[in-house]
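Inspection log for the structure reproduced underneath, given as structure tokens.
Here is how names work: the chains are called A, B, and so on, in the same order as the sequence lines, proteins then strands, and each is numbered from 1. Here the structure is a predicted model, which means the values were calculated and not measured.
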Amino acid sequence: MNVYRTHKCSELSVSNLNEKVILSGWVDTIRDHGNLIFIDLRDNFGLTQCVIDAKQGIFNKINELTHESVIKISGQVIKRSDDTINTKLSTGEIEIKVNEFELLSKSEVLPLPVNSDIEYGEEVRLKYRFLDLRRKKLHNNILLRNKIISSIRRKMIANGFIEFQTPILTSASPEGARDYLVPSRIHKGQFYALPQAPQQFKQLLMIAGFDKYFQIAPCFRDEDSRADRSPGEFYQLDFEMSFVTQDDVFNAIEPVLYEVFNENNKYNRELPATVSKYPFVRIGYEDALEIYGTDKPDLRNPLIIKDCTNSFINSNFKIFNDQIKKGSIVKGIVVDDTADKPRSFFDKLNQWAREEGAAGLGYINFVDNSYKGPIAKNLDQDQLKLLDLKNNQSIFFICDKRKDAQLFGGKVREKICSDLNLLNKNSFEFCWIVDYPMYELDDKTNKVQFSHNPFSMPQGGMDALENMNPLSIKAFQYDIVCNGVELSSGAIRNHRTDIMYKAFEIAGYSKSDIEKKFPGMLNALKYGAPPHGGSAPGIDRIVMLLADEPNIREVIAFPMNQQAMDLMMDAPANVDKTILEELGIKLIDKN
RNA sequence: GCGGGAGUAGUUCAGCUGGUUAGAACGCUGCCCUGUCACGGCAGAGGUCGCGGGUUCGAAUCCCGUCUCUCGCGCCA
């Protein structure tokens, strides 16, 4: 028998009446009635009320207990009288009449109360993360994370994926984010890098013939943080498959994501959230920009953006007309049931648009068969008809150069949606963004460069590279997006050295450039590589969506703060001079 | 690197256009209380108002600088 407990703090009920039991846990709440004390004892599993009265010998010692001390109690399970049953607790029909107790570990006065749900400052929460993790919300989030990860792992293994571990100390990647570097003691002046993703290793495993790879992979990128981006490290469900096309990759991962979301769609929710059924909607990259104004559209938002340039060509609305002649386009967003809103509604949106740097936000309202608003009188009936408005609809216009009009249209779409509360918050809407361009022009140098992953296979292969305008070549490159959050990007990889040399040549790299940058990868491709591809959904973001948390730190047990510091462990920190000398490192004094 | 918000008791916060000894709640300490579950009641301790400078008879409050936290931009093949 375990010396610390016969039961967990969630287990006891009327079916255990009169049993002698032992429980161990934390002192969650103390209610001291003078000659009668109630203690709520808490462990990972639940709460049990313990009661001690003054006649018992241990009473004085119990009286000295502090919150969050760890104790072991033994006593008898007794039924509560009907009027003292607590329906909020699973153990609320019983309590433990304590006759022995032992203080296992005393707690000092807490810097952060554990038994309350009030929000506290992040600095204290991060410094005393072990206390924050005891609190209900964070504790449950981390348990949810475990449930999600173990479910993913089971499904991937059941689907024939093999789990691997890949190196943490590896070489710096020439493309992408900044690397975290680790100095080498044996090779002074040289550095390992932590992997930004196991990209090359998983491809090498495909070349090694393992057919299907997966890993719950730690990734390290030295980027500045955001609410949905933890600095330092994050985890991906990294997977890769051999002898597949893009559709095969989609078919493999869609059921996994759908099921993981569906299994956890009740967490912290009154009603279960709906999850979009697979196959998920596929949207071309260019279409996404045209219709949603972003390459990570939130499909819960019912608004769409359409092109209205034709209504303004040769119209009397000089401002737009002049812009169109200079190459601008007009985008419009139609909104239901707003045409009768007061003038102030439209003025506020216009004001917002100006604050966002736009010239303004024009609009037309269609009520009782007549077109209203400042712009309407400048269009003739045919031009207005083209807008295709129904009764009580409004349409908002954005006029700018194509790319700027698209992106600002995306902002307007989000703004109107949130102002009018059009979002169905209780759903998960997935889509694939496909057909990313292989190349783009660098804004500053005007040179052709890779727009995404240089290892992706160009659509049309060698033929496309040799004969098409590089800027119109698409790649087998795709992102999966859920509720406006980019969960992952992936690709069918380029497994042919001849196509790779050519692809890099277009981006201005010579054969020897690539051989220097990716020696391992290139060498491997020379000895028989299967066609392969994969993707890597972000685990932290999946948990964040399912936990309905706006901040990624709420689903990571030990996150760093925004400045990439671990306030609890005090990292990063200075190191001893002798250690630096051993590594051949000399610090520059900034002063 | 840039922009927004914040920094007052152990914690969460209030403190108006400058004006006595800077408040509340929770927590903490002591006392009272045998049916609470956010137990209740009484009393008490606890503050360099982030830090430095300035304006003023007088600064938590106004001004300048600086540091820290946070949100966003840049960054994120």
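- At a threshold of 4.0 angstrom between heavy atoms, the contacts of A/Gly121 are confined to the sugar-phosphate backbone, with no base atom among them.
- For B/rU29 and B/rA22, the P atoms lie 26 Å apart once the distance is rounded to whole Å.
- Among the atoms of the strands shown, only primed sugar atoms or phosphate atoms (P, OP1, OP2) are found under 4.0 Å from some heavy atom of A/Thr29.
- If you check distances only, the side chain of A/Arg125 never reaches the base of B/rU11 with a donor-acceptor pair under 3.5 Å.
- B/rG30 is paired with B/rC42 under the criterion used here, namely a Watson-Crick or G-U wobble arrangement in which both key atom distances are under 3.5 Å.
- Judged by the 6.0 Å and 45° rule, A/Lys511 forms a cation-pi pair with A/Tyr501.
- Of the candidate nucleotides B/rC71, B/rG10, B/rG35, B/rG35 has the atom lying nearest to any side-chain atom of A/Phe38.
- Base pairing annotation: B/rC2 forms a Watson-Crick or G-U wobble pair with B/rG72, both donor-acceptor distances under 3.5 Å.
- Between the base of B/rG35 and the side chain of A/Glu95 there is a donor-acceptor pair shorter than 3.5 Å.
- The C1' atoms of B/rG46 and B/rA24 are separated by 15 Å, rounded to the nearest whole Å.
- On a pure distance criterion of 3.5 Å, no polar donor-acceptor pair joins the side chain of A/Arg221 and the base of B/rC75.
- The separation of B/rC42 from B/rC67, taken at their C1' atoms, amounts to 43 Å, rounded to a whole angstrom.
- Across B/rU36, B/rC76, B/rU12, the shortest atom-to-atom separation from the side chain of A/Glu223 is found for B/rC76.
- Within the 4.0 angstrom heavy-atom criterion, no nucleotide atom of any strand lies near A/Asp228.
- When the nucleotides B/rC37, B/rA77, B/rU34 are ranked by their closest atom to the side chain of A/Asp53, B/rU34 comes out on top.
- Counting any heavy atom pair closer than 4.0 Å across all strands shown, A/Glu123 reaches sugar-phosphate atoms only and no base atom.
- Side chain A/Asp83 to base B/rG35: no donor-acceptor pair is found below 3.5 Å.
- Look at A/His33 and the base of B/rC39; the rings stack, centres closer than 5.5 Å and planes less than 30° apart.
- Across all strands shown, B/rG7 forms a Watson-Crick or G-U wobble pair with B/rC67, both key distances being under 3.5 Å.
- The side chain of A/Lys88 sits closest to B/rA38 out of B/rG35, B/rA77, B/rA38.
- Using atom C1' as the reference point in both B/rA9 and B/rG4, the two lie 29 Å apart (nearest Å).
- Nucleotide B/rA24 is matched to B/rU12 when pairs are restricted to Watson-Crick or G-U wobble geometry with both distances under 3.5 angstrom.
- Comparing B/rG72 with B/rG53, their P atoms sit 36 Å apart, to the nearest whole Å.
- Looking at heavy atoms from C-beta onward, A/Arg178 lies out of side-chain contact with A/Glu223 at the 4.5 angstrom threshold.
- Across all strands shown, B/rG19 forms a Watson-Crick or G-U wobble pair, both distances under 3.5 Å, with B/rC57.
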